[in-house]
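Scroll down for the structure; my scribbles are underneath it.
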Amino acid sequence: MSAGSLRIALVGNPNCGKTALFNQLTGGRQKVANYAGVTVERKEGRFTAPSGRVLHLLDLPGAYSFDAASPDEQITRDVCEGVYPGEPAPDLIVCVADATNLRLHLRFVLEVKRLGRPVVLALNMMDTARRRGIVIDVPELQRRLGLPVVETVAVKRGGAQALIERVDGEVPPAAMAQADDAASRADLHAQVRELLAATVAMPRATAAIDDALDRWALHPVFGLGILAVLMFLIFQAVFSWAQPLMDGIEAGVAALGGWLTSALPADSALHSLLNDGIFAGLGAVLVFLPQILILFLFILILEESGYLPRAAFLLDKLMFKAGLTGRAFIPLLSSFACAIPGIMATRSITDPRDRLTTILVAPLMTCSARLPVYTLLIAAFIPQRTLWGLFNLQGVVLFTLYVAGIVSALAVAFVIKRFRKDKSEHALLMELPSYRMPNVRDVALGLWERAKIFLKRVGGIILALTVLLWFLSSFPGPPPGATGPAIDYSLAGRLGQALHYVFAPIGFNWQICIALVPGLAAREVAVSALGTVYAMSGSDDTVASQLGPLISQQWSLATALSLLAWYVFAPQCMSTLAVIRRETNSWRNVAITAGYLFGLAYLASLITYQVARALS
Amino acid sequence: MRLSDLPKGSPAVVDRVDDAHAGDPIAQRLRDLGFVEGEPVRLVARGPLGADPLLIQIGSTRFALRRSEAARVTVRTEVAA
Ligand SMILES: Nc1nc2c(ncn2[C@@H]2O[C@H](COP(=O)(O)OP(=O)(O)OP(=O)(O)O)[C@@H](O)[C@H]2O)c(=O)[nH]1
Ligand SMILES: [Mg+2]
């Protein structure tokens, strides 16, 4: 082993700050949040120590014990034991422990020590520990454990200095490996008690502020009330705060498009590609950036505050009745951002049955890619009215769509539960962390990260599909003497008209049918595709900003509602299906998911359309 | 007394964790999380629907346990001195 490539693994209980340390050392931007089970796979990074040595750092999922209970804990165990495929055992383990929670965390430290590898203990969250008056006799702890112990504050600049110096020095000798059996495991608790008695003084077991907040947040009545108000507030904010920003972007895109294309001859192909394809298509999606950022602002704050596991606590019984588990709350909530991280987050669910059910219903949570579709239709068809002097009607409709997703997820989970043969017990066993004040800089960076992801999507897949759609809608050109718009004769136009037979009963016109095809790749693409299709079939220079008013003239309310219903269910996202395949390792589950979601989508749209038409 | 029957707020000490069946993984996990003989525990809160799950504080950690999970833990209430 050359001195140049030391491999270090970060190991510890969930939520002790391993990823925060990893980011601090490597300059990485892995996800940090205040609940157990944020990291679910191994992540690699490297940093150059002051001595000039390059250190390979491995961030691992948190684990309570090497007796792994969930897929993410298995990864940690396998890496530490050196049996993870393609991953040599680490040369040094940095065991991270939350200094405010040592009774629990020291037990795992002892378990790690018994692996018989070199270990350094990082006592993290020393800032909070000091504030709470917790006094730790570090030299004595170090002597008794027989491990080097350093203090860290992973969220403060320079807070990992002591750790860097320690790992840059000599690798400490490995402790003696010890067998792992039930009797010796029970013994670990006795050792922890001794260690605590000799080295740690805690004025109070928990933070006073946590107890005070929990009295309200977990109160049987007020707790549910707070949760409901919070959720409702988010949807109101997404609608009302974003409007001025959206207007600004719309005007900007229109002005830029007009300015850029003014130099080109109006009937050239390039003019059409830029104007009808790119500006009409991409502009229609770009407008939704502010809404997505506002949604994420709330999600990031909630994640860091420590409130999410409390919400899971409040809703566990309900979710259990429906065949899920309270633990599914966080993966499902992440799915409101995007089903992909949501589905990956199910790795922290212990029970494989609960995990599969959660994966199958995660696509029903309203992901942020649906927002463009929903808001486009709502803004065009739902009047801007105030209900009961308080609520914005458009916000209420949006909220209803979210609720529709949640209710159907519960219903589907319930059906799955009925079909399940194995009815043995499911475990919850979920830790509730301390509340924490979100850091403004971290939230801002998180939002920036999100904006980049969204813009990359717009500039990548959405741009590519838009250009492709423009080609398909432009060629072949109309025969000489044709009267209708050119798109009617193009490939895309013909495809749309063919699909129209299938979708006519649910009220979709051929333009929607065209948009749904590239929209299979990603949901927002449907909006950019509609922008392009209408720009191509219009005689005048329709640009992005006019898509809303345009469809409100051309579509019936029933069609709009039917399309909204379609989007509550339809799995119009390849990446989600791909991640289901990867996480469950089964095409069958992919087929089941896609099948039942398309089925529900068609049924819901059919009912919506026929009822809306009968009523109007 | 079972942990699931503990009144809210009253201090108690863990006696033992019983396996619901042979090789019960939930019982083993409870022991790993620190539910071992002599450890003080407290019931902090109950869920809003059917008083389930339970929020148990053990040491400085709070765990949400379903009633059926908490029922595996036998506790004795501290005799007031
Ligand atoms: N005050 C304070 N907060 C910290 C410190 N280190 C981490 N945190 C916070 O602790 C929480 C958990 O941090 P993570 O880095 O996500 O923890 P983790 O160990 O990677 O968690 P898992 O991936 O779930 O195992 C986050 O809310 C961090 O902001 C610290 O030194 N001081
Ligand atoms: Mg992590």
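Numbers restart at 1 for each chain; the letters A, B, ... are given by sequence-line order, proteins then strands.
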Measuring heavy-atom distances to chain B, does [X] have an atom under 4.5 Å in its side chain, in its backbone, in both, or in neither?
{"X": "R193(A)", "answer": "side chain"}
{"X": "T100(A)", "answer": "backbone"}
{"X": "L315(A)", "answer": "neither"}
{"X": "P433(A)", "answer": "backbone"}
{"X": "A217(A)", "answer": "neither"}
{"X": "D98(A)", "answer": "neither"}
{"X": "R327(A)", "answer": "neither"}

>> L432(A) and side-chain contact (heavy atoms from CB on, under 4.5 Å): which single residue from L55(B), T61(B), I56(B) fits?
In response: L55(B)
>> Within a 6.0 Å radius of atom CZ on R2(B), are there more than 12 heavy atoms belonging to other residues, nucleotides or ligands?
In response: no
Distance, nearest 0.5 Å, that separates [atom1] of [X] from [atom2] of [Y]:
{"X": "Q57(B)", "Y": "T206(A)", "atom1": "CD", "atom2": "OG1", "answer": "4.5 Å"}
{"X": "S70(A)", "Y": "R29(B)", "atom1": "OG", "atom2": "CZ", "answer": "7.0 Å"}
{"X": "R66(B)", "Y": "D316(A)", "atom1": "CZ", "atom2": "CG", "answer": "4.0 Å"}
{"X": "S60(B)", "Y": "L196(A)", "atom1": "OG", "atom2": "CG", "answer": "8.5 Å"}
{"X": "R67(B)", "Y": "K317(A)", "atom1": "CZ", "atom2": "NZ", "answer": "8.0 Å"}

> Going through the distances and angles, do R107(A) and D32(B) end up as a side chain to side chain contact (heavy atoms under 4.5 Å, CB included)?
Replying inline: CA-CA 8 Å; R107(A) 199 203 70 90; D32(B) 285 348; 3.9 Å; yes
Out of [options], which one racks up the most heavy-atom pairs below 4.5 Å with chain B?
{"options": "V192(A), L104(A), L318(A)", "value": "L104(A)"}
{"options": "L314(A), V221(A), L102(A)", "value": "L314(A)"}
{"options": "N13(A), L218(A), N101(A)", "value": "N101(A)"}

Do you know the tightest heavy-atom contact between [X] and [Y]?
{"X": "G59(B)", "Y": "A205(A)", "result": "O-CB, 3.7 Å"}
{"X": "R103(A)", "Y": "I58(B)", "result": "NH2-O, 3.3 Å"}
{"X": "G47(B)", "Y": "F313(A)", "result": "N-CZ, 3.6 Å"}
{"X": "P220(A)", "Y": "P48(B)", "result": "O-CB, 3.4 Å"}

> So, are R62(B) and D210(A) salt-bridged, with charged N and O less than 4.0 Å apart?
Replying inline: yes
>> So for P25(B), is it side chain, backbone, both, or neither that comes closer than 4.5 Å to the heavy atoms of chain A?
In response: neither
> Checking side chain to side chain contact (heavy atoms under 4.5 Å, CB included) for the pair D214(A)/V44(B): CA distance, chi angles, key distance, verdict?
Replying inline: CA-CA 9 Å; D214(A) 276 345; V44(B) 182; 5.5 Å; no
> chain A: which of G38(B), A51(B), S68(B) shares the most heavy-atom pairs with it under 4.5 Å?
Replying inline: S68(B)
> Which is it for F63(B) and L429(A) under the side chain to side chain contact (heavy atoms under 4.5 Å, CB included) test, yes or no, and what are the steps along the way?
Replying inline: CA-CA 6 Å; F63(B) 286 108; L429(A) 285 176; 5.7 Å; no
